[in-house]
J.: 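Just passing along the structure, written as structure tokens.
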Amino acid sequence: MSSTFADLGLIPPIQRAVDKAGYVTPTTIQARAMPEALLNRDIVGASQTGTGKTAAFALPVLNNIAPGIHPQCLILEPTRELAAQVEEQMRRFAYYRPLNVVLLHGGVGYGPQTDALENNPDIVIATPGRLLDHMSRGTITLKEIRYLILDEVDRMLDMGFLPDVRRIVDKCPKDRQTLFFSATMPPAIQTLAEWALRDPLEIEVGHRQSPAETVAHAFYPVAMEQRDELLLTLLKSTDFHSLMIFTRTKKEADMLHSMLSASLKEARTAVMHSDIRQSDRTRALQGFRSGEFDVIIATDVAARGLDISGVTHVINYRVPENPEDYVHRIGRTGRAQKEGDAFTLLSADEADYAKAVERFIGRPIERRRLESFPYVYTALLEDKPLRPVRPPRRPSPDKKRRRQRQRDRAEAS
Ligand code: AMP
């Protein structure tokens, strides 16, 4: 393990970029992955969000890449926003080493991407769908790829990208270095890893599914018909600076956006989901990052991997159906050892999902009541073990997975 970046023996232009970024000490995942990645070893790395995975793969690749082979490095990302974020980081670390970086994702025209591909890129960062489109148009070939990086692999597989990922990996030369990174590492990934990687070094930092230790969690039980009222009261009594609210559906996100814009006059609010034009999505995210907006309401398209510093609160308007999404959503706060709060509104029909989240993160989540809120009766407010009032209507796992995949794919590439 390396105790400083200087111990890694990076080439001067990359070390200068690290210095410029102000990085001194590698994070745990970086300290464990970078020395091996620099030696061209394949790696499967699991570490929770916000722990510096991007630099863990970016620096070794930027260090080792050879000039004159195009494109030499391919980085796959599950969503447009993540792809754009990684592109930004790659450019930052390549600042003193002129390498040509190209970003390919859906939701924008082909023209500029095709022009950029004609310009001999060294590094391509792409979402799978758009990359396959370019491959079938003949605007890119992967036969010179020496470095293949799959970031947020668990998400890519969740989103039904497995067949696309396989087609892409198949088109890359066998003689390459492959790096897999993810926040969670379910068994499906191990299987894919066995197929795509050569004798990989497995690195797992922290507990498999643990959210940041610096996040305080709370459930706010409430009757279904009082959710909006409770949310508003909660917001009015909470001192937040930068708040993300996650909804299950786009409709919910739009509805909350209208409600909060009207009722929470002191906060500036943005909304982000897949039916919103890409330029507006980018504007919403940039505005939230820069502090122009205090609140962003989003579907899970915004949940994974996005590095937004200083998020003080995450609120789940509904309990996520998939407990992994809970970890990813709340991973937006408590980043880089900062403190954060994760609040989740909980109605009776979500009791099973709540239990699943608690099982997944391996600890109970405190139930909180808002003093002075005019609660109507809900069984969840009683100090009894959680039990659903009526069994939640759940689609069969297959149907659910299919539906989620459709939703996610539409949102992603
Ligand atoms: P990531 O998990 O790659 O999204 O990184 C999370 C945040 O931590 C980003 O803002 C990085 O710029 C920052 N970061 C990553 N590695 C380091 C480091 N070694 N020292 C300081 N900040 C870091």
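Whatever order the structure lists them in is the order used to number ligands and atoms, beginning at 1. Each residue takes its place number in the sequence, starting with 1.
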J.: Can D122 and R146 be counted as an ion pair, charged N to O under 4.0 angstrom?
T.: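 So D122 does not pair with R146 through a salt bridge.
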J.: Purely on distance, is any nitrogen or oxygen of Q85 under 3.5 Å from one on ligand 1?
T.: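 No.
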J.: Backbone, side chain, both or neither: what part of V24 comes under 4.0 angstrom of ligand 1, heavy atoms only?
T.: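 The answer is neither; V24 stays 4.0 Å or more away.
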J.: Could you go through the salt bridge (charged side-chain N to carboxylate O under 4.0 Å, His left out) check for E252 and R227 one step at a time?
T.: CA-CA 12 Å; E252 266 172 12; R227 302 180 84 91; over 6 Å; no
J.: Is there a polar contact between ligand 1 and G52, counting only N or O atoms under 3.5 Å apart?
T.: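 Checking ligand 1 against G52, an N or O pair does fall under 3.5 Å apart.
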J.: Salt bridge or not for R92 and E88, using N-O below 4.0 Å?
T.: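 Here R92 does not pair with E88 in a salt bridge, since their nearest N and O are not under 4.0 Å apart.
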J.: For ligand 1, note which part of E88 has a heavy atom under 4.0 Å away: side chain, backbone, both or neither.
T.: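 Neither; no heavy atom under 4.0 Å.
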J.: Within ligand 1, which atoms have a heavy atom of T25 less than 4.0 Å away?
T.: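 Answer for ligand 1: 18 (C), 19 (N), 20 (N).
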J.: Taking atom CG of L231 and atom OH of Y220, what is their separation to the nearest 0.5 Å?
T.: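 So the gap between those two atoms works out to 11.0 Å.
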J.: What do you reckon, are the aromatic ring centroids of F57 and F181 less than 6.0 Å apart?
T.: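 Yes.
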J.: Go through ligand 1 atom by atom and flag the ones less than 4.0 Å from a non-hydrogen atom of R92.
T.: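 Answer for ligand 1: 12 (O).
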J.: Quick test of your reading of the structure: of F5, F181, Y23, whose heavy atom lies closest to atom 20 (N) of ligand 1?
T.: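 Result: the heavy atom closest to atom 20 (N) of ligand 1 is in Y23.
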J.: Considering only NZ, NE, NH1 and NH2 on the basic side and carboxylate oxygens on the acidic side, decide whether D275 and R281 come within less than 4.0 Å.
T.: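 No, no charged N to carboxylate O under 4.0 Å.
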J.: So if I count the atoms of ligand 1 from 1 in the order they appear, which ones are less than 4.0 Å from some heavy atom of T51?
T.: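 Contacts of ligand 1 toward T51, numbered from 1: 2 (O).
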J.: Looking at ligand 1, would M34 count as a contact under a 4.0 Å heavy-atom criterion?
T.: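 The answer is no: ligand 1 sits nowhere under 4.0 Å from a heavy atom of M34.
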J.: Run the numbers for me: atoms of ligand 1, each under 4.0 Å from some heavy atom of T54, listed by number.
T.: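 Counting from 1, the qualifying ligand atoms are 1 (P), 3 (O), 4 (O).
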J.: Nearest 0.5 Å please: distance from the CD1 atom of I315 over to the OG1 atom of T247.
T.: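 If I round to the nearest 0.5 Å, the distance is 12.5 Å.
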